[in-house]
Amino acid sequence: MSKQTTQSYPEDAYRALMRGINELDLQHSSVPCNLVLTGDAFPLVINSHGHILAAASVYGRGRIVVLSHETYLTLCPALVENALAWLGGGSANLSVGVQKKRQAVADNLNRSSYKVSLMDDFDKDHGVSVYVTDAYEVGAKAGELIAFMKAGGGLLIGGQAWHWASQNKNENLILEFPGNKVAGVAGIHFSAKYGKAEKLPIYYIIPCLMKDLEFLLKGISDFDIQGEGVPSGALVHGRLAFSICTTDKGEVFLAGTYYGRGRVILMTHEKLASFWKNACDWLDQGRRGIVGFERGVKPLPNLGLTCKTTELNQDLSVFVCKAYSNIDPERIQNFVAEGGGLLIGGHAWHWAWTHKGENPMHDFSGNKILNKMGLSLLKETITAGVYKAPDPSQVNSFHFRHLLHRLADHVLENGELTKQDEEHLKKLGADCASFLMVKAYDRFFYMEILSLLTDILKKQGISEVSEQKPAKSPKEHMVLSLATNMYDISLNQQELLPYIIKDNPPLPVVKNQRIKITAQTGEHEEWISTGLYLSPAMKTEIIFPPKLVNRRWMVIQIGCQSDALHKEELWRAPYVIKRFPVTSEKMQVWNMWGGLIYLMAPCDVKVDDEEVVVQKAVSAPYYKSGVTKPGDWSSLRQAPAPWAEMEFDNIILTVPSHIIRELERPQEVEKLWNGIMGGVADLAVIPRIFIRKERIVADVQISAGWMHAGYPIMMHSSIGAELFKPEDARTKGLWGEIHELGHNQQRSCWEFQPHTTEATCNLWSVYVHEEVLGLNRAKAHPAMTPASRKECVEKYVEGGRKLSDWKVWTALETYLELQERFGWAAFKKVFADYQDMSNCPSDNDEKMNLYAETFSKAVNMNLSGYFKAWGWPIEQATEKKLSKLPPWTDHPMAHYS
């Protein structure tokens with residue numbers, strides 16, 4: 001018999017199973033056990049202590065209901081009748097088989113319309129649709145009952161496991177208790193915990209798997225995850241899942257779990273060969289069966305088991321595959337649920353990197369296999385190293401579910417958080433964000449956590465953070481991060497919003513704005529401004545022409561503050577932009593935090609005059625060279641959006657709108673920045689019209705420093721006004737901004753990290769200040785005065801001219817002395833020469849010799865003595881190459897020889 005599982009499972013199933021039942025009186029001398037749920041299983045009855053006393057699940061085409069004591073089969077007739085109806089798919093002519101020891105159940109069903117028959121034991125040829133039994137009589141028939149359920153049959157089982165556990169202390173309860181041999185495949189496990197335990201739900205406690213860890217770690221002192229492969233982290237989120245080894249930071253790279261009657265080992269680094277034998281023995285469960293290796297995975301010798309390359313089939317005891325396997329995930333899950341062992345290895349970071357805009361937690365093949373089993377591969381990498389194997393007797397101090405429920409108890413029940421709990425909250429926040437991206441809305445294991453996080457967020461709420469009122473505590477950080485992730489995946493965003501955004505006044509909107517898209521990108525992606533803004537949580541639709549859909553062109557980005565923050569104090573949420581890959585002609589987009597609307601063009605793409613339509617948005621102050629008319633600026637600058645942009649020939653400045661509200665002469669600012677960017681291009685010897693315009697974004701808080709380079713360059717909004725003051729720029733300078741623009745011009749072939757990282761970028765600062773802004777280098781920065789420069793050189797010489805001390809201003813001085821002797825033309829010649837080079841060395845010593853050679857030839861003078869005087873590792877071969885050129889003997893460093 002086949003039964004349909006609806007999309008609203010388990011909600012519809014729960015309503016059907018509990019229909020008409022207002023209360024269940026389970027007060028009885030019988031002591032139930034707690035049920036542990038995994039996978040698709042969901043609870044039906046939870047007592048005041050949070051213990052699950054009845055549960056249901058699906059397996060294959062069939063269904064199962066489990067009660068935590070056999071007496072409940074007669075004590076709860078209404079629940080039993082509902083269960084039989086659900087198990088039978090609603091059939092009015094149901095054929096029910098009842099194990100003869102449960103005759104009282106058959107007696108209770110005498111008045112029903114069902115055809116009820118007593119059976120000595122389960123018989124697949126009896127033709128029943130639903131079978132009723134206890135948890136003690138099913139062991140011998142486990143295989144047949146699983147096949148019966150898989151084919152569409154229904155099972156109703158009652159029993160407890162605490163007594164069996166007390167009589168079989170050396171046995172594995174999860175695998176050996178008769179009821180678990182059947183119910184376990186559907187994700188329902190009888191445990192040894194009494195139904196009346198302390199006030200801690202069973203899913204608060206990670207199962208004690210010490211014996212498993214002892215077995216798995218036998219003979220292993222450490223794990224070496226160095227080498228070619230870069231491992232991903234793993235998320236351990238299932239109730240029966242556990243970490244086997246972590247990094248010193250608590251990042252999991254090796255984990256295991258029970259799933260149904262089988263077991264799983266996940267290795268995020270594929271070369272842990274020393275661990276393979278223990279892993280395969282544990283997965284094999286003593287069967288001495290065949291270990292099958294997926295094609296492309298080389299069987300390992302010395303496992304002590306029969307190994308062969310093969311397809312997945314039921315004759316195998318253990319199957320070994322990569323996380324990139326294209327085998328149907330359900331086939332693998334069923335193989336494990338029915339007792340097979342799975343050893344799966346791989347990482348998710350490369351997939352995430354090559355599938356930008358997609359969701360690795362949901363879409364990556366490895367996670368399609370693992371999520372349901374309580375494990376997931378993360379897109380984040382972990383640090384390679386050698387890590388000590390843990391002591392199995394030590395309780396794992398961190399587990400995703402354990403700490404989550406500790407937090408829930410703290411927020412919802414005023415429980416206390418330990419200092420150790422608080423230390424782990426940062427990791428919990430990251431794990432919650434990853435888990436939520438699983439987006440398994442039809443699975444109980446996911447909806448349970450989503451519901452709990454919703455309750456936490458509603459009770460805790462978030463306060464508006466700012467520089468004056470920052471988020472400081474780990475809990476504040478965690479909840480602030482949680483708010484972003486919860487809103488994005490919530491099925492009821494409007495319900496959550498009042499708990500997150502307290503002050504969200506409506507702004508006037510414009511409709512059906514047509515945006516022309518013209519782009520020709522190079523080797524980097526590019527943001528295309530629209531001049532439009534979305535208020536917090538405001539949704540709009542953007543309509544695209546067909547040629548721009550599903551071609552990696554393009555991505556919609558809401559928000560300009562691309563920095564992710566990892567700070568002790570947060571002045572804003574840690575991540576506030578949101579991106580949507582364009583997968584259809586009509587895209588609905590939003591950002592809980594609001595933000596400017598951008599279209600992101602990928603690298604190496606050309607688009608001419610395509611048009612997109614934004615159906616509803618807020619106008620932002622937006623100035624664009626060659627487009628904005630001078631007479632329109634006075635009204636444009638008053639546009640209501642809180643973010644503004646000014647786009648010039650080669651740079652786009654993005655700042656809070658209040659900074660430019662009173663700016664009356666944008667043409668002067670345009671002239672300033674066109675001049676600055678022209679100077680940047682001149683020294684770099686690149687076209688004066690950039691392939692991709694630079695960007696500067698001024699934000700209340702950024703990821704590093706007072707400013708930092710990148711796309712966009714980030715700076716603090718508290719100094720954002722200086723971008724728009726041409727007179728100040730020509731008298732006081734803009735050293736920091738041009739320093740960051742210089743960073744963006746640095747090239748590896750003539751950079752000697754870490755020595756010149758903060759030095760050669762300043763060549764642009766000096767050049768632009770002198771050649772464009774007319775500001776002498778000595779006035780452009782305090783470190784550029786003659787006295788400061790002299791002191792810097794003398795200190796370096798006195799220290800022994802160690803290359804380890806050659807950095808920042810000291811390193812810059814080397815280049816300034818060259819410039820003061822040979823002029824900027826020499827640098828331009830050198831930069832141009834490097835653009836024609838290929839196969840540049842990567843070693844610093846080789847690169848420094850090449851630079852000495854290149855500069856010497858550019859100025860037709862042997863500079864090897866000069867560079868040696870600075871402590872450069874000039875080789876004899878380089879000196880020989882330059883020996884025919886006249887030497888520079890009166891260089892500035894000769895004074896110190």
So, the side chain of [X] versus the backbone of [Y]: is there a donor-acceptor pair under 3.5 Å, distance only?
X	Y	result
D409	H405	no
T246	V252	no
S481	H477	yes
N371	M361	yes
R61	A151	yes
N492	E495	yes
T74	T71	yes

Identify, with sequence neighbours excluded, every residue that meets side-chain contact (heavy atoms from CB on, under 4.5 Å) alongside [X].
X	result
A55	L35, L37, I52, I188
K368	P329
P581	T583
A433	N485

Does [X] reach the side chain of [Y], with side-chain heavy atoms less than 4.5 Å apart?
X	Y	result
F335	L316	yes
Q333	M373	yes
Y131	V96	no
L67	L79	yes
L375	L235	no
L491	M447	yes
Y194	N34	no
H237	S376	yes

Nearest-0.5 Å distance, [atom1] of residue [X] to [atom2] of residue [Y]:
X	Y	atom1	atom2	value
L44	C76	CG	SG	11.0 Å
R102	D134	CZ	CG	4.5 Å
Y575	T484	OH	OG1	10.5 Å
L436	I489	CG	CD1	4.5 Å
K372	T257	NZ	OG1	13.5 Å
L94	L84	CG	CG	6.5 Å

side-chain contact (heavy atoms from CB on, under 4.5 Å) between M478 and L407, worked out: CA-CA 10 Å; M478 190 269 177; L407 177 65; 3.6 Å; yes

Pair F364 + H347: ring centers closer than 6.0 Å: no

Give me the atom names and distance for the closest heavy-atom approach of [X] to [Y].
X	Y	answer
R63	V58	CG-CG1, 4.1 Å
Y487	Q493	O-NE2, 2.8 Å
S232	I382	O-CD1, 3.9 Å
H163	Q160	N-OE1, 3.2 Å
A161	S191	CB-O, 3.4 Å
L216	A279	CD2-CA, 4.0 Å

Selection residues 69-80 - residue pairs positive for salt bridge (Lys or Arg N to Asp or Glu O under 4.0 Å), sequence neighbours left out: none

Salt bridge (Lys or Arg N to Asp or Glu O under 4.0 Å) contacts in which one or both residues fall within residues 143-160, not counting sequence neighbours: K141-E144, K150-E338

Evaluate whether atom [atom1] of [X] has more than 12 neighbouring non-hydrogen atoms of other residues, nucleotides or ligands under 6.0 angstrom away.
X	atom1	result
E416	CD	no
K459	NZ	yes
K578	NZ	yes
E358	CD	yes

Residues E448 and R239 bridged, charged N to O under 4.0 Å: yes

Carboxylate-amine/guanidinium proximity below 4.0 Å for D431 and K427: yes

Chi angles and distances behind the side-chain contact (heavy atoms from CB on, under 4.5 Å) call for L425, L428: CA-CA 5 Å; L425 282 178; L428 175 64; 3.8 Å; yes

Working for ring-ring contact (aromatic ring centres under 6.0 Å, His included), residues Y441 and Y446: CA-CA 7 Å; Y441 297 108; Y446 181 81; 5.6 Å; yes

Tabulate below the donor-acceptor pairs under 3.5 Å that side-chain atoms of residues 174-187 make, not counting sequence neighbours, or state none.
from, atom 1, to, atom 2, distance (Å)
N180, OD1, F190, N, 2.6
N180, ND2, L173, O, 3.0
N180, ND2, F190, O, 3.1

Salt bridge (Lys or Arg N to Asp or Glu O under 4.0 Å) with [X]: which residues, sequence neighbours excluded?
X	answer
R261	none
K539	none
D363	none
E81	none

Parallel, tilted or perpendicular: ring planes of F435 versus F445, cut at 30 and 60 degrees: perpendicular

Aromatic ring pairing W282/F242, orientation class (parallel under 30°, perpendicular over 60°, tilted between): perpendicular

Donor-acceptor pair between S317 and D284 side chains, under 3.5 angstrom: yes

Y258 and D212 side chains, donor-acceptor separation under 3.5 Å: yes

From CA spacing to verdict: side-chain contact (heavy atoms from CB on, under 4.5 Å), V65, L155: CA-CA 6 Å; V65 172; L155 292 178; over 6 Å; no

Partner set under ring pair (Phe, Tyr, Trp, His ring centres under 6.0 Å) for H355, not counting sequence neighbours: W351

